[in-house]
Amino acid sequence: MTAMVEVRGLKKTFNRSDGTPVHAVKGVTFDINKGEIFSLLGPNGAGKSTTIGMISGLVTPSEGEARIGGFSITKQAMQAKTLIGVVPQDIALYPQLSPRQNLDFFGRMYGLGGAELKKGIDEVIEFIDLKDRQNDRIDTFSGGMKRRVNIGVGLLHKPQLVYMDEPTVGVDPQSRRRILDTVFRMRDEYNMTVLYTTHLMEESQELSDRVAIIDHGEIIAMGTQVELMAQAGEEDRLVLIVTGNAPESLITTLGAVAGVTKAVREPAVEDADETRISIYAKSGRTTLPDVLRAANGSNATVSSVTVKEPDLETLFLNLTGRALRD
Amino acid sequence: MITLRKILTIAWKDVRRTFTDRNLMLIMLAAPLAISTIIGVTFGGVAQGAAPVTDIPVAVVNLDEGTGGTNYGNIVTGILAPLPSDETGADPLEQTGNFNLDALTDSGIEAQNFVCPQSAEVTSGGAMQTSDASLDELLEGVRVTTPEEARAGVESGLYAVAVIIPATFSADVGYTPTDQTLTPTTIEVYADPNKPIATSIVRSIVEQVAVRLSTGNVTLSSVLTPVIPPANPNPLLILSVAGSQAFAQGISCTFEGVGSPILIDQQTVEGDEFVFNPLVVIGSAQAIFFALFTANGSASGTIDERKNGTLQRMAITPTPLVAILTGKLLSTFLNVLFQLFFLMVALTLVNTLIYGRLEFIWGSNIPLVLFMLFTIALGTTGLGAITAAASRNSEQANTFGSIIAIFSAVLGGAFGFQLGGGFQYLSVVYWGSNAFNKLANGNNDVLLNALVLTLFGAVTFGIAFVIFARRLKD
């Protein structure tokens, strides 16, 4: 497959006001193939936005190189930028202008004009389903509608590559669903390559052909879902919630149940009179009755139990010892 | 070519956003226009109420040698600097003019009551209803013997204004049956340029008296000439004519405001001939003062765009950073230029409404006026841009910008006074309004103003550009 994006050893170091350096991105390397939806998954502050900033030409890398469609983002920035569309995390629109006027302005910034621009605007307005409100001021729109215009501006010039930086943050479930469907349509109808950053494992799992997990400025895992699941260890996880502060003897008892590989007490939730225990097993559903019997035998009151098949959350937990949302 | 088009697109977007924002329009256009209009109406000689200024020190020099027992210089002097005996409430014009209606009525011939259709101000016998009652509070008139003494008093700050009445004043404006020609004459008003409001008030009073004196004579002449042969001025014939309705009408209507052959020659301490129009002096300074806010606010828009992410969105497009910044600063310049242009035109219209005559108040050299508008916009924009560029955020930029604008306005005379002492040269308001005042007075010597404003604008623009570019790359 041909690489649309080639990132090699990108680093970014900022200096704090007191002069101490902050290594936001510590040398990331990855490729994104044409027509692929590629997710950069990581907790807040992991370095996702800085990485996108560097490969869109907005942030100058301290080290390393990125090529878009074969053009260096630092040495051939103008050629590279014509191939890129960016949907920033925050709404970056002129609130006093209408969607049409915003699209018109940014379209001209991409060098569009005349009939081509008008046709492009019409198509985008149709695509984001805002025909009825196309001439209203943006500041009268709901958050979801603004998000759709924000996406539309990034698609107007029909880029080959679209960066979407956490586009569902602060969006209601209905709008979120619409945005995720839009991402699929971008790939399926326009053959666009999408680089999607998120801290939501569910989005990443649903959308992505491939995922890179980033934490503390480094990529700690990368591959297709199947490849990453294999890395996660192919074990199910049973999450048992028992009332009160469970004694250590209960954790030991549960760890000794047949088919269980380990039982771990999870960090306590503040003000909750309960204990969460993660139990790893080759087959969660088969092991579940024995686990419940063992808990009963230890006089523990089980208030809830969940069986989780291997997922990116598990992988992240395994790799970092922290949950994605921590 | 494509880059130029993008620069214009950025600039046009911002200009359109500015001029479609009603709140901004209120601040940019309505506020300076309202302030200038209020000042114009108050100090332009139109307002009939008391001015918010009292005891203006005025030196009056009456060199008028009079003619045929009539001395018009005494009338003017009596109004501006009355002697204790003059302060009786009687109108000096009724006492010393070359026509005295009381004298006519005392002779047994009653002038018929007549009120001009256009005026309710003139009543029986044509006595003037002046606002002289407030003059005592308004003026602190001092009679001075020589013009030199009066001018020196203005220069030393003893007087705000000196009014110098020429020796031939009565001879020039006076009507006699043997000399019916009215010769243009000049009353010199020698003023301290740092006291424009006081100057305006005195000038307005002198102008009003001059108009009334001269129109009285013109109308009297027009009434009497057809019936009295110049070679044979028969007093009885004059009296009989005076008793007629035609004469009463003519006398009454003498006090309607029409053109005057008496010129008010206003000189400043610096020696420039100077016609004070508050809409020019205060209006231009106020326009530049408010333009400084526009420049600062518009340039701060770059910081706001960065905060809102739209600047980054522009930077992600295939548009060079230089083009983006040029477009942003160009829009600031255009906002200021259009604001100044609209205000100049609007002030001209206000002047028309106040004075009732359509007159372009900024002088006759239109290309030079436009050129100065350009340089003022450049200087103003430069100052606003560098203030915004040096600020951490738009709130800080607005605070710094407001302080700088107010300082510039105070130094530049936007509030009716100047601090002097050379400090005014630090203000773009001074350089701009000074240029407009010169142009309004037909003085085209504004090269220094243009140079200062252009250089200042270019340097500040350049520095602002570099600072913005560095901040955007971070």
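Labels below follow one simple rule: chain letters A, B, ... track the order of the sequence lines, proteins then strands, and each chain is numbered from 1. These figures come from a predicted structure and were not determined experimentally.
- Of all the heavy atoms in Met109(A) and Thr319(B), the pair that sits closest is O-OG1, 3.2 Å.
- The most heavy-atom pairs under 4.5 Å with chain B, out of Gln89(A), Lys81(A), Gln79(A), come from Lys81(A).
- Applying the side chain to side chain contact (heavy atoms under 4.5 Å, CB included) criterion to Arg392(B), with sequence neighbours excluded, gives Gln396(B).
- In this structure, the side chain to side chain contact (heavy atoms under 4.5 Å, CB included) partners of Val459(B), at least two apart in sequence or on a different chain, are Ile463(B).
- In terms of heavy-atom pairs under 4.5 Å with chain A, the best-connected choice from Gly309(B), Pro318(B), Ala323(B) is Pro318(B).
- The residue among Val153(A), Asn102(A), Leu97(A), Leu93(A) with the most heavy atom pairs within less than 4.5 Å of chain B is Val153(A).
- Neither the backbone nor the side chain of Asn15(A) has a heavy atom closer than 4.5 Å to any heavy atom of chain B.
- Listed by sequence position, Lys13(B), Arg16(B), Arg17(B) are the residues of residues 12-20 of chain B in contact with chain A, using a 4.5 angstrom heavy-atom cutoff.
- In the displayed structure, Phe341(B) atom CZ is contacted under 6.0 Å by at most 12 heavy atoms of other residues, nucleotides or ligands.
- The candidate from Arg313(B), Met314(B), Lys6(B) with the greatest count of non-hydrogen atom pairs under 4.5 Å with chain A is Arg313(B).
- Distance check, rounded to the nearest 0.5 Å: CD1 of Ile91(A) to CG of Asn308(B) gives 11.5 Å.
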From CA spacing to verdict: side chain to side chain contact (heavy atoms under 4.5 Å, CB included), Thr9(B), Phe106(A): CA-CA 10 Å; Thr9(B) 300; Phe106(A) 286 108; over 6 Å; no

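- In this structure, Lys118(A) places its NZ atom where only 12 or fewer heavy-atom neighbours from other residues, nucleotides or ligands lie under 6.0 Å away.
- More than 12 heavy atoms of other residues, nucleotides or ligands shown are found within 6.0 angstrom of NZ on Lys158(A).
- Here the shortest heavy-atom pairing between Thr310(B) and Ala92(A) reads CG2-C, 3.6 Å.
- Among residues two or more places apart in sequence or in another chain, the ring-ring contact (aromatic ring centres under 6.0 Å, His included) test is passed with Phe293(B) by Phe289(B).
- If you measure heavy-atom distances from Leu311(B) to chain A, you find no contacts under 4.5 Å at all.
- The minimum heavy-atom distance linking Ile10(B) with Phe105(A) is given by the pair CA-CE1, 3.8 Å.
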